[in-house]
Amino acid sequence: MSSTTPPSPLEPLPAWARRLSEKYYSRTLAMFVLHGNVHDLVPWRRGDRTEYVPLSRFLNEGLFGRRDLVLSYDRGGGITFANNDVQADFQRALVGYDSFHGTKYTQGLPRNPDAVLTLIESYLRLRVMDHKKIALMLDFADSIVPASDSASMGSEDRNCLVMLKRWAQNQNFLKADFTVCLITESLAALNAGLVQNPGVSAIEIPLPDEAERIEFVKWQMAATPLPEGSEVTAETLAKLGAGLKRVQLQNLISHACENKQPLTVAFLTRLKKELIEAESGGLLEFVQSRFDLSMVAGLDQAKKKLQDAAAALRAGRFDVLPMGYVISGPVGTGKTFLTNCFAGEVGIPAVMLKNFRSMWQGVTEANLERVLTLLKAMSPIAVVVDEADAQLGDRSSSGDSGVGNRVFAQIAQFMGNTELRGKVIWFLLTCRPDLLPVDLKRQGRAEEHIALFYPRTDGERLAMLRAMQKKTGTRVASEEAEQFFLANAGRLSGADTEAVLVRARMKSALEGDTTVDVDDLKAAIADFIPPSYPDEIELQNLVAVLECTSRSLLPDEYRTMDRGEIQRRVAELLALAR
């Protein structure tokens, strides 16, 4: 790429490379940060032929192949050159540098970033004056100018930061045919002072979308046909490979061919789970559900809402789906189970967002950036956040150098992206929805608020008992045992009912039986003391009522209750809790 010779129309560039070219030709930018999927294969189109190559080769030979001088630097490997001519030219410049400064760099180049960047700057100034066309790549740039506040930066990092900022604003560099590309997986891991510099432009390299995956899989399968007995086509493999890099798809196909192992849907699903969880650094956990919404006892209105959403998803009507759900209610009402059943009902991937926070500067933001990038690539997907009020935080930045504020802003911005409606569906589970920030639960984010309550009628309790029998694999011997349970169980939650059945099964197993009879249930119920936190449970019930966005979900006693009275009682309970 040069100021006078644009890329040939016969060699179309990836979308991110086109954006870089357009910004470069504006003559106002010479420094770019390439971030995201930087360790993947890149399509390099030459005439009617496409080749998939590492990013470094694409930059050196493709995007900047017409430059006179192309060189790269990373902290571990030192300076490298596109070819021997560039290396020889650099060595000639080093002779003059050593002579003037009294150094001995011709005998061995330094590797520490500030010394290397000083040498490179001297070389760049010379060759810009000679009207050379130059490209410089700084790989693993976050190890050169890592995210840090200025007070805690070492002198070496500070020198590098100042030097790169100076290059970004250097008018001679802007006027010359000169480009610097800083390469990093995570934009958040790079020093914010550099990223936000007006002379620097961040360009995201995204994970491949479905069309790009199909194109790559077909290209790979043309060279390496799948083993006999494989169940998947290129289209199926590309669809199941949502969220995977091209290099991961290549490894998957190569592994199958080398080991003569047919690719089946079950094998691909299992392997994808492992790859995504590894790619997320353990921050995402796939929810494997063997249940669907038919397993949910009672909660008919809540079930109906989610069944309607599942039907819309299967029909591809993303536009009618909510951006997300707040699932609230007292402990033991089955919030997690309901969400897992939804995942099993709809057949899309579902993941649990795990703790992404870190004590180290910049790591929390980098973790979240990686997770959100994966979620976008894997759409449609359901994202479950348990204990969401504690997990997601709020806008407070007290004592954490603003990390909490920045993290909250990242999450809120992603959740509010209407382009992802129906593609990334959030499930925020909490017993205390009043503690969730309004920014996350307002309309346009987690906009549908579903409240769950303990069973109140005999019909609901019986449905709960039978659902828990299925879940635990418990066989109850007779209808008499069920009737005894209804007469004596009181207002047990779903979790309490499950605990009673497990205890009854234990007694039955110790006696050598395979079914639970009345005596087993009697013994289990007589011995079981459910946890009793009446004030907390009442508070959790009332805040769920206040939060619920659908009147049909509320039990009769709450549906007609004055909201002002509910708010007054909540305030009393909160005062007692203090």
Side-chain angles (χ1 to χ4, degrees), residues 239-244 265-297 299 302-303 305-307 309-314 318 321-329 331-356 367-368 370-392 411 414-415 420 422-431 440 446 448 450 452 467-468 470-473 494-495 498:
K239 191 174 186 64
L240 290 172
L244 297 183
V265 172
F267 173 74
L268 279 172
T269 302
R270 185 176 71 252
L271 193 59
K272 178 186 172 178
K273 173 183 180 293
E274 295 171 1
L275 289 171
I276 292 293
E277 289 182 352
E279 185 70 20
S280 73
L283 303 175
L284 292 177
E285 178 183 345
F286 269 78
V287 177
Q288 300 286 346
S289 180
R290 56 192 177 92
F291 306 120
D292 58 24
L293 288 169
S294 66
M295 285 291 295
V296 178
L299 308 176
K303 262 198 309 190
K305 279 189 174 293
L306 293 181
Q307 284 168 339
L313 262 174
R314 287 193 292 267
F318 300 142
L321 289 163
M323 300 287 285
Y325 296 85
V326 174
I327 312 290
S328 61
V331 291
T333 47
K335 295 181 288 294
T336 303
F337 184 66
L338 177 69
T339 310
N340 288 353
C341 288
F342 174 80
E345 176 89 9
V346 75
I348 64 171
V351 293
M352 182 81 72
L353 180 62
K354 300 174 79 173
N355 184 20
F356 53 82
N367 284 344
L368 185 57
R370 180 193 301 178
V371 165
L372 297 182
T373 298
L374 274 171
L375 293 179
K376 188 174 180 180
M378 287 191 291
S379 64
I381 189 168
V383 187
V384 183
V385 188
D386 210 353
E387 305 295 341
D389 53 299
Q391 181 90 287
L392 299 181
I411 295 170
F414 188 89
M415 287 181 67
L420 299 177
K423 297 176 183 176
V424 179
I425 306 173
W426 292 81
F427 287 84
L428 309 186
L429 315 186
T430 176
C431 297
L440 298 185
E448 188 86 57
I450 295 176
L452 308 182
M468 287 302 156
K470 286 184 185 178
K471 183 181 178 185
T472 60
E498 183 176 357

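As a basis for the values below, the full set of heavy atoms in this structure was taken, side chains included, without hydrogen atoms, waters or symmetry mates.
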State, yes or no, whether a side-chain contact exists between [X] and [Y] at a heavy-atom distance under 4.5 Å.
{"X": "Lys354", "Y": "Ser280", "value": "no"}
{"X": "Leu375", "Y": "Val351", "value": "yes"}
{"X": "Phe427", "Y": "Val287", "value": "no"}
{"X": "Asp389", "Y": "Leu428", "value": "no"}

Practice problem: Report the residues that fulfil ring-ring contact (aromatic ring centres under 6.0 Å, His included) with Phe286, sequence neighbours left out, ordered by chain and then residue number. | Solution: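 Phe286: no ring-ring contact (aromatic ring centres under 6.0 Å, His included) contacts found.
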Taking all atoms of both residues into account, what is the closest heavy-atom pair of [X] and [Y], and its distance?
{"X": "Ile276", "Y": "Gly243", "value": "CD1-O, 3.5 Å"}
{"X": "Leu293", "Y": "Gln307", "value": "CD1-CG, 3.5 Å"}
{"X": "Ser379", "Y": "Val424", "value": "CB-CG2, 4.2 Å"}
{"X": "Ile327", "Y": "Lys335", "value": "O-CD, 3.4 Å"}
{"X": "Met378", "Y": "Leu284", "value": "CE-CD1, 4.0 Å"}
{"X": "Thr339", "Y": "Leu429", "value": "OG1-CD2, 3.4 Å"}

Practice problem: Among Phe318, Trp426, Phe414, find the one that has a side-chain contact (heavy atoms from CB on, under 4.5 Å) with Leu420. | Solution: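 Among the candidates, only Phe414 passes.
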Gap between atom [atom2] of [Y] and atom [atom1] of [X] - 0.5 Å precision:
{"X": "Thr373", "Y": "Leu368", "atom1": "OG1", "atom2": "CG", "answer": "9.0 Å"}
{"X": "Tyr325", "Y": "Leu338", "atom1": "OH", "atom2": "CG", "answer": "10.0 Å"}
{"X": "Leu452", "Y": "Ser328", "atom1": "CG", "atom2": "OG", "answer": "7.0 Å"}
{"X": "Arg314", "Y": "Glu345", "atom1": "CZ", "atom2": "CD", "answer": "5.5 Å"}
{"X": "Leu353", "Y": "Leu283", "atom1": "CG", "atom2": "CG", "answer": "7.5 Å"}
{"X": "Leu240", "Y": "Leu271", "atom1": "CG", "atom2": "CG", "answer": "11.5 Å"}

Self-check item: By salt bridge (Lys or Arg N to Asp or Glu O under 4.0 Å) - contacts of Lys376 (at least two apart)
Solution: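 In terms of salt bridge (Lys or Arg N to Asp or Glu O under 4.0 Å), with neighbours along the sequence ignored, Lys376 is linked to no residue.
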Exercise. Under the side-chain contact (heavy atoms from CB on, under 4.5 Å) rule, collect the residues that match up with Lys239, sequence neighbours excluded.
Key: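 side-chain contact (heavy atoms from CB on, under 4.5 Å) check on Lys239 returns Glu210.
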